[in-house]
Protein chains: 2
Amino acid sequence: MSTPPATEATADVAPCCVLGETIDDGLAHDLAKVFKALGDPTRVKLMSLIAGSSDGEMCVCDLTEPVGLSQPTVSHHMKLLVEAGLVAREQRGRWAYYRPTIDTLAAAAKALNA
Amino acid sequence: MSTPPATEATADVAPCCVLGETIDDGLAHDLAKVFKALGDPTRVKLMSLIAGSSDGEMCVCDLTEPVGLSQPTVSHHMKLLVEAGLVAREQRGRWAYYRPTIDTLAAAAKALNA
DNA sequence: CTCACGTATCGACAGATGTCAATACGTGAG
DNA sequence: CTCACGTATTGACATCTGTCGATACGTGAG
């Protein structure tokens, strides 16, 4: 990426959006990052799988089969979800466990209802 | 696209998503379509502009300047938002007015909390 | 009808994105 | 330490996406 060195990592949606006020460039960028992370059917499925799991968390090894993609690809998608702040990653032993951060999506959606 | 000829036009999010149940391919596709439409800072701004306007609706001519893009580009973005079911288009005279359909986003977000 | 004007479509192009195979990294077991 | 195994990174490639200029389409004014 020609990534602007700024900002980054777990874009946290920001406070609000008063009626009649237009959101600024930075907020628009952060919101878009969250929505873009969910703008792929595979990642939607991943989110659904994790959210719907009995423990509320899953490791990569459990996710590759349901979505039918290679391990590196799933790992890539999970990284995007983490960077968007939609899931949290926790390393336990050799496994990486992911759990949803549902508030992020709710906050992003709320910011647009304005 | 190698687009499946099926489905299409104003993807309407679908009913639900019970806890413990994984969403199917079609629903994942529809949800992704909605989120992808908001996965661009320009479109986030456009949504915000329209939602925040006093009349609750705006025409393309009022949108080009705030986002600083050409008319064809704005028209293109609006088309995507319409196809995602996030805004409704109404032609009145020579102008095309757009108004938000906020329920679409709320329903999509809800489907993921599952 | 003809014209002006707001909007949509087309063609083109640079850059982003999803995917994989190959490989590197980290951690627990022996 | 060494090895096996789960995960992440890299490099490559086809496709998708955002943007523009040029142009076509539709509608109200004259």
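Numbers restart at 1 for each chain; the letters A, B, ... are given by sequence-line order, proteins then strands.
Summarising the geometry, atom CG belonging to B:Asp25 is positioned 3.5 Å from atom NZ belonging to A:Lys45; distances are rounded to the nearest 0.5 Å. In this structure, the separation between CG on A:Leu31 and OG on B:Ser48 is 9.0 Å, given to the nearest 0.5 Å.
When distances are taken from the side chain of A:Tyr98 to each of D:dT19, C:dA8, D:dA8, the shortest belongs to D:dA8. Closest approach to the B:Thr73 side chain among D:dC20, D:dA8, C:dA8 is made by D:dC20 (side chain taken as heavy atoms from C-beta onward). Side-chain atoms of B:Ala96 lie closest to C:dA8 of the nucleotides C:dG18, C:dA8, D:dT9. Minimum atom distance to the side chain of B:Lys36 is reached by D:dT17, of the listed D:dT17, C:dG6, D:dG18.
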What side-chain donor-acceptor pairs closer than 3.5 Å can you find for residues 68-78 of chain A, not counting sequence neighbours?
{"unit_1": "A:Ser70", "atom_1": "OG", "unit_2": "A:Thr73", "atom_2": "N", "d": "3.4"}
{"unit_1": "A:Ser70", "atom_1": "OG", "unit_2": "A:Thr73", "atom_2": "OG1", "d": "2.9"}
{"unit_1": "A:His77", "atom_1": "ND1", "unit_2": "A:Arg43", "atom_2": "NH1", "d": "3.0"}

Would you mind writing out the side-chain donor-acceptor pairs for residues 92-100 of chain A within the sub-3.5 Å range, not counting sequence neighbours?
{"unit_1": "A:Arg92", "atom_1": "NH1", "unit_2": "A:Glu90", "atom_2": "OE1", "d": "3.2"}
{"unit_1": "A:Arg92", "atom_1": "NH2", "unit_2": "A:Glu57", "atom_2": "OE2", "d": "2.7"}
{"unit_1": "A:Arg99", "atom_1": "NH2", "unit_2": "A:Glu57", "atom_2": "OE1", "d": "2.7"}

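For A:Asp55, there are no salt bridge (Lys or Arg N to Asp or Glu O under 4.0 Å) partners at least two apart in sequence or on another chain.
Across all their heavy atoms, A:Val44 and B:Leu112 have their closest contact at O-CD2, 3.9 Å. Pairing each heavy atom of A:Asn113 with each of B:Ala51, the nearest pair is O-CB, 4.5 Å. Closest approach of B:Gly39 and A:Lys36 over heavy atoms only: O-CE, 2.8 Å. Between B:Pro66 and B:Leu49, the closest heavy-atom pair is CB-CD1, 3.6 Å. In terms of heavy-atom proximity, B:Ala37 sits nearest to B:Ala84 at CB-CB, 3.5 Å.
A:His76 comes within contact range of at least one nucleobase, with a heavy-atom separation under 4.0 Å.
The same ILVMFWY cluster, assembled from side-chain heavy atoms under 4.5 Å apart, contains both B:Leu38 and B:Val67.
Between the CD atom of B:Gln71 and the P atom of C:dT9 there is a distance of 11 Å, given to the nearest Å. Regarding A:His29, its NE2 atom lies at a distance of 13 Å from the C1' atom of C:dA16, rounded to whole Å. Spacing between atom CG of A:Leu80 and atom P of C:dT19 amounts to 11 Å, rounded to whole angstrom units. Here C:dT9 presents its C1' atom at 15 Å from NE2 of B:His77, a figure rounded to the nearest Å. In this structure, the CG atom of A:Leu38 is 16 Å from the C1' atom of C:dG18, given to the nearest Å. Whole-Å rounding puts the B:Arg43 CZ to C:dA16 P distance at 15 Å.
Partner of A:Phe35 under the side chain to side chain contact (heavy atoms under 4.5 Å, CB included) criterion, out of B:Val34, B:Leu105, B:Asp40: B:Leu105 alone.
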- What string of B, S and - do you get for nucleotides 24-29 of chain D 5' to 3' if you count protein non-hydrogen atoms under 4.0 Å? ---SBS
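Each end of the helix from C:dC1-D:dG30 to C:dG30-D:dC1 gets its own axis, taken as the rotation carrying the C1' atoms of four end pairs onto the next four within a five-pair window, and the two axes meet at 30° to the nearest 10 degrees.
For the pair B:Lys79 and C:dT9, the criterion of a side-chain N or O lying under 4.0 Å from OP1 or OP2 is met.
For the contact set between residues 57-70 of chain B and DNA chain D, defined by any heavy atom under 4.0 Å, the members are B:Leu69, B:Ser70.
Where B:Met78 and A:Val74 meet DNA chain C, the nucleotide closest to each residue was compared, and B:Met78 sits on the side nearer the 5' end.
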